[in-house]
Structures are given as structure tokens and as C-alpha cells.
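See structure below.
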Amino acid sequence: MRLSKIFTSAALSLGMATAAHAEDPAKLITILTSAEPQTQLMAMVLTMNAMNAGAEAEVLLCGPAGDIALADAPASATTGQPPKDASPQGLMKMLMAKKDLKVQVCAIYLPGKGMDASVLLDGVTAAAPDAMGAAIVSANTTVMSF
């Protein structure tokens, strides 16, 4: 009888832990700095797959990778890559539109380029360092960096 109570208690505890976990989904922050189009695309592919698996995701673009957030992006950001002819910017825009992916450029990206937010794609903003820092250390957050 006592063993039965232990198993029941353990099962209830596991059930509650699973329910709590289900209410607090995994979070992913993809930090992308690479200028290499294949690396940029792979970062977007992995972010998409994490979102498809249930993660809430956001992308932080810094340095040369920030260029994929430009409305007038370089060809490296918009040219399709094998095997599916997808481009880094094209996949990012699709994820923004269909999966509500939050995309930000580093706070120093625009000033470093001598530009303002008007050059960015619709929906892309400059990150606030304090908010991004808090998001990075938030519970259940995984950070991928490319």
C-alpha cells in the first residue's frame, strides 16, 4: 500500500512538472555575425527547425550579418543557396511573416554604418542591449551563435 502511494505521488509530481514545462516553452536566441551566406542560411534553417519543434525564437544580427536585414540587401543575402535555392534573407522574411520571428540588429549596427532604422526591412528593429542581455540569461533559453 505504501509503495502505491509513492508511485502515485511520483506520477503526480511528474505530471505537474510536465504541465509546468508545457506552459513555459523553450526559447532560442540565434546570434548571427557571419558574413558567409551559407552560414547565414544554416542559422535560419536551424532557427526554423527549432520553431517547428515548439521553441519561441528570435534572431540578433550583428556585424556583416546585419546586412541581411537591409531593405536593399547585398546579393549575398538574397541569392538562393543549394539545395533548395533559399536565401538567408528570404528564409528570414518567411519566418518573420509566417512564424512571427522577432529579428533585431545589434544596437551599434546602424550607427556603425552611418544609417538609421529607415534602411531596415519592415519588422526589423534595433536591439536594446539591456533587454537582449536579460533574454540571453532567461530560463529555458538556448543561445546559438554563428
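A donor-acceptor pair under 3.5 Å is absent between the side-chain atoms of S87 and the main chain of Q81, judged by distance alone. Checked by atom type and distance alone, the side chain of S138 never pairs as donor or acceptor with a backbone atom of A134 at under 3.5 Å. Of the possible donor and acceptor atoms, one in the side chain of Q89 sits under 3.5 Å from a partner among the backbone N and O of I68.
Nearest heavy-atom pair, M144 versus A43, reported as atom, atom and distance to 0.1 Å: CE-O, 4.4 Å. Scanning both residues, A57 and M51, for their nearest heavy atoms gives CB-CG, 3.6 Å. The nearest pair of heavy atoms linking A77 to P88 is O-CD, 3.3 Å. Of all heavy-atom pairs between E56 and P25, the closest is OE2-CG, 3.3 Å. The two residues A86 and L41 come nearest to each other via the heavy atoms O-CD2, 3.4 Å. Closest of all the heavy-atom pairs between A127 and P129 is O-CD, 3.5 Å.
Under a cut-off of 6.0 angstrom, the local environment of CG in N52 is crowded, with over 12 non-hydrogen atoms contributed by other residues, nucleotides or ligands. The number of heavy-atom neighbours closer than 6.0 Å to CD1 of I136, taken from other residues, nucleotides and ligands shown, is above 12. In D100, the CG atom is not crowded: 12 or fewer heavy atoms of neighbouring residues, nucleotides or ligands sit closer than 6.0 Å. Around the CD atom of Q38, the shell of radius 6.0 Å holds no more than 12 heavy atoms that belong to other residues, nucleotides or ligands.
For the atom pair SG of C62 and CE of M132, the computed distance is 8.0 Å after rounding to the nearest 0.5 Å. Note that the CG atom of L28 and the CG atom of N140 stand 12.5 Å from one another [nearest 0.5 Å]. The structure places CD of Q104 at 14.5 Å from OH of Y109, a figure rounded to the nearest 0.5 Å.
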Would M96 and D122 count as a side-chain contact (heavy atoms from CB on, under 4.5 Å) here? Give the steps.
CA-CA 10 Å; M96 290 172 68; D122 286 340; over 6 Å; no
Go through V119 and K113 one step at a time and tell me if the side-chain contact (heavy atoms from CB on, under 4.5 Å) criterion holds.
CA-CA 11 Å; V119 301; K113 290 257 190 201; over 6 Å; no
I'd like to know whether L32 forms a side-chain contact (heavy atoms from CB on, under 4.5 Å) with T47, so could you lay out the CA-CA distance, the side-chain angles of the two residues, the decisive distance to 0.1 Å, and finally the verdict.
CA-CA 11 Å; L32 181 54; T47 300; over 6 Å; no
Can you check side-chain contact (heavy atoms from CB on, under 4.5 Å) on L61 and Q40, steps first, answer last?
CA-CA 10 Å; L61 303 168; Q40 293 174 350; over 6 Å; no
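Residues V45 and L91 have side chains in contact (heavy-atom distance under 4.5 Å, counting atoms from C-beta outward).
The cluster map of Ile, Leu, Val, Met, Phe, Trp and Tyr, joined by side-chain heavy atoms under 4.5 Å apart, puts V59 and I29 in different clusters. Connection of L120 to M94 is established within a shared hydrophobic cluster, with ILVMFWY side chains joined at heavy-atom distances below 4.5 Å, either directly or through further cluster members. The same ILVMFWY cluster, assembled from side-chain heavy atoms under 4.5 Å apart, contains both M48 and L121. In the hydrophobic cluster analysis, where Ile, Leu, Val, Met, Phe, Trp and Tyr join through side-chain heavy atoms closer than 4.5 angstrom, L101 is grouped apart from L60. V105 and I31 are assigned to two separate hydrophobic clusters, defined by single-linkage of ILVMFWY side chains at heavy-atom distances under 4.5 Å.
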